[in-house]
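The structure appears right after this line, and notes come after that.
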Amino acid sequence: MIMPPLHTDPTARVTAPTRSRVLTRVAAALAFALPATLAAQVPTVPPDSMVAPAPEPVRTQPESLTVNAVIAVVGTTPILLSEVEREIASRVARRMMPAPTDAASRAAAIRTVTTELVESQILVQKAAQMEIVVSDDELDRNVEQHIAQVTQQFPTPEAMAQALASEGLGTMDEFRAQIREDFRRQALPERVIARARQDGLLAPSGVTAAEVEAALVEFRDRLPQKPPAVSFRQVVISPSATSAAREVARVKAESLHAELRAGGDFELIARRESMDTGSGQLGGDLGWNRRGKMVPAFDYWMFELPPGRLSPVVETQFGFHIIRVDRVQPTERKARHILISPVVDSADVERARVEAVSVAQQWRSGAAFDSLVALHHDAPEEKLINDIRIDQLPPPYSAALGEIPADTILEPFTIDNPRGGPPKYVVLEIVEREFGGQMTEDEARSLVRDQLSQERTIRRYLDRLKSEFHVSVMVDEVASARPQDR
């Protein structure tokens, strides 16, 4: 399974179960109503699809009116009625909500969207307080990927521009800016929720059997189909460098360590030399990390070093590191590193392939999985992957799995190394296979119970956060005001 270097982001792991209904709604705009969030899992026209224009909503105020009333304030950040109106129009255009047809439905839409924007802004401000950021590179990458997917749906750029204009999504530049902001608004709240879960602040909330049954009855016709899923266990074999190559890398790391001790600029040297390309481009910056997130040797030094002090050259399975801690908090460290990895050549790759073939043969002949893991498995990779949707797997996995039934040990196949370099070899046994279809009563009941609990848990956390920030909402006064009153 493809994993990030050194540590795992729990919000991005491909081995994690399907993202919860509540987090899906946090990503959309933090609406916590059960109907919308359950419905979000039913296959529908996705928001990024270009479809026929939505019905024109009934207008309850003159076109020339400037809608700039403050409808809510979070901290020192105002939320304007014009922002709410734009969000409603955008959701209607993207089939995310029905168009208001009269004054009452318009007022209801304003109240709903205002509540969501307030809660989103609370989490955005909490992210700033927790020093959680989304890098420009990450935003650019997601935006361009999204734009490319949308562009493929149109024969010409002119056709796409016409569709954007007809659906009220503006010019391409305006659409790109909106998508960028959508990704940022999605990522920050999700990371706050993930951090709160790591910190033990999201204890599960209880749900009664009566609540589950009531929700099941009400939303039975909107329950999603079971997607195809699989559970498997694997041995991942990574090509390893020879002892001579490791010595060359160690000597190079020691020379960089000497350069740093002589006054060299850590960030410049990291950009120039580090073989962890992700952090290297950021001057070696790894962000904030809790104890246990990194591999053991790296983790030890990250929590032993005082700010500004260099570690010795530290060897891990990734290579040789020089570590510097920039800032400390009681349970976290903000650190940088420079990584020098040994060179792995074609002979090393062939040796790994032969090893993978041997592992598959031994496994089929009755060798114990735990013994094979102890002797051959690449430690940073997951060993057991339970109940993951097929469409969430990296392409090499879904291609290798095909329609193969459970209790099968596959032939070795390759996956990309997330740090670059030669691929890794996977030997995999399918433990359980679910080909999808209609949910059973027990499965539907379990889904509803889990999602009600998650929704209530996050609602409770948001209510606590509201006490940390000044929140003032004037939605009833503004939504019900006549145009001449504003």
Side-chain angles (χ1 to χ4, degrees), residues 11 16-47 87-88 91-92 94-100 104-105 107-120 122-123 186 189-190 192-194 196-197 200-229 386-389 391-392 434-466 475:
T11 67
T18 306
R19 177 173 293 166
S20 74
R21 174 190 59 156
V22 174
L23 283 184
T24 300
R25 291 297 294 156
V26 167
L30 293 174
F32 295 96
L34 182 64
T37 49
L38 276 177
Q41 298 191 41
V42 182
T44 57
V45 178
E87 180 66 18
I88 292 172
R91 294 190 192 186
V92 169
R94 292 185 285 174
R95 295 294 192 271
M96 295 175 70
M97 68 184 301
S105 61
I110 289 174
R111 291 186 183 93
T112 297
V113 172
T114 299
T115 298
E116 296 171 5
L117 293 182
V118 165
E119 292 173 339
S120 180
I122 288 171
L123 288 176
Q186 171 181 331
E190 286 188 341
V192 171
I193 296 297
R197 182 171 285 113
L201 301 176
L202 295 182
S205 298
V207 179
T208 67
E211 290 171 323
V212 172
E213 293 305 318
L216 191 58
V217 169
E218 186 174 357
F219 307 115
R220 186 183 302 277
D221 61 341
R222 280 177 279 171
L223 289 170
Q225 294 282 305
K226 285 187 299 184
N386 293 316
D387 194 28
I388 184 170
R389 287 171 45 166
D391 60 8
Q392 292 181 326
E434 172 60 64
F435 288 97
Q438 187 64 40
M439 285 186 178
T440 66
E441 282 288 313
D442 286 344
E443 288 170 335
R445 190 171 288 108
S446 176
L447 173 68
V448 170
R449 180 184 296 108
D450 177 63
Q451 295 183 343
L452 280 174
S453 175
Q454 290 189 59
E455 183 171 311
R456 188 165 296 173
T457 295
I458 295 180
R459 163 57 54 203
R460 189 168 58 189
Y461 179 62
L462 269 170
D463 288 343
R464 288 202 305 270
L465 288 184
K466 286 180 180 178
V475 64

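Please read these numbers as outputs of a predicted model, since none were measured by experiment. The first residue of the sequence shown is numbered 1, and numbering continues consecutively from there. Worth knowing before you read on, the calculation uses all heavy atoms, side chains too, and leaves out hydrogens, waters and symmetry mates.
For Glu443, the side-chain hydrogen bond (donor to acceptor under 3.5 Å, both in side chains) partners are Lys226, Thr440, not counting sequence neighbours. Remark: Arg464 pairs with no residue by the salt bridge (charged side-chain N to carboxylate O under 4.0 Å, His left out) rule, at least two apart or across chains. Legend: residues meeting side-chain contact (heavy atoms from CB on, under 4.5 Å) with Gln438, ordered by chain and number and at least two apart, are Gln225.
Ala229 approaches Asp387 most closely through the heavy-atom pair CB-OD1, 3.6 Å. Contact record, Val192 with Leu123: CG2-O, 3.5 Å, taken as the closest heavy-atom pair. Scanning both residues, Ala215 and Val448, for their nearest heavy atoms gives CB-CG1, 3.6 Å. Nearest approach of Ala109 to Met97, heavy atoms of both residues: CB-CE, 3.8 Å.
Using a cut-off of 4.0 Å between Lys/Arg side-chain N and Asp/Glu carboxylate O, Arg459 and Glu455 are scored as not salt-bridged. Salt bridge annotation for Arg445-Asp442: present, with a cationic side-chain nitrogen under 4.0 angstrom from a carboxylate oxygen.
To the nearest 0.5 angstrom, Leu447 atom CG is 4.5 Å from Met439 atom CE. The distance from the CD atom of Glu213 to the CG atom of Leu216 is 5.5 Å, given to the nearest 0.5 Å. Residue Glu119 holds its CD atom at 7.5 Å from CG of Asp463, rounded to the nearest 0.5 Å. In this structure, OG1 on Thr112 lies 11.0 Å from CG on Leu117, to the nearest 0.5 angstrom. The distance from atom CD1 of Ile122 to atom OH of Tyr461, rounded to the nearest 0.5 Å, is 11.0 Å.
Of the options Ile193, Leu462, Leu202, a side chain to side chain contact (heavy atoms under 4.5 Å, CB included) to Thr457 is made by Leu202 and by none of the others.
Checked by atom type and distance alone, the side chain of Ser120 never pairs as donor or acceptor with a backbone atom of Glu116 at under 3.5 Å.
Proximity of Arg91 to Val113: side-chain heavy atoms (C-beta onward) are separated by under 4.5 Å at one or more points. The closest side-chain heavy-atom distance from Leu452 to Ser205 is not below 4.5 Å.
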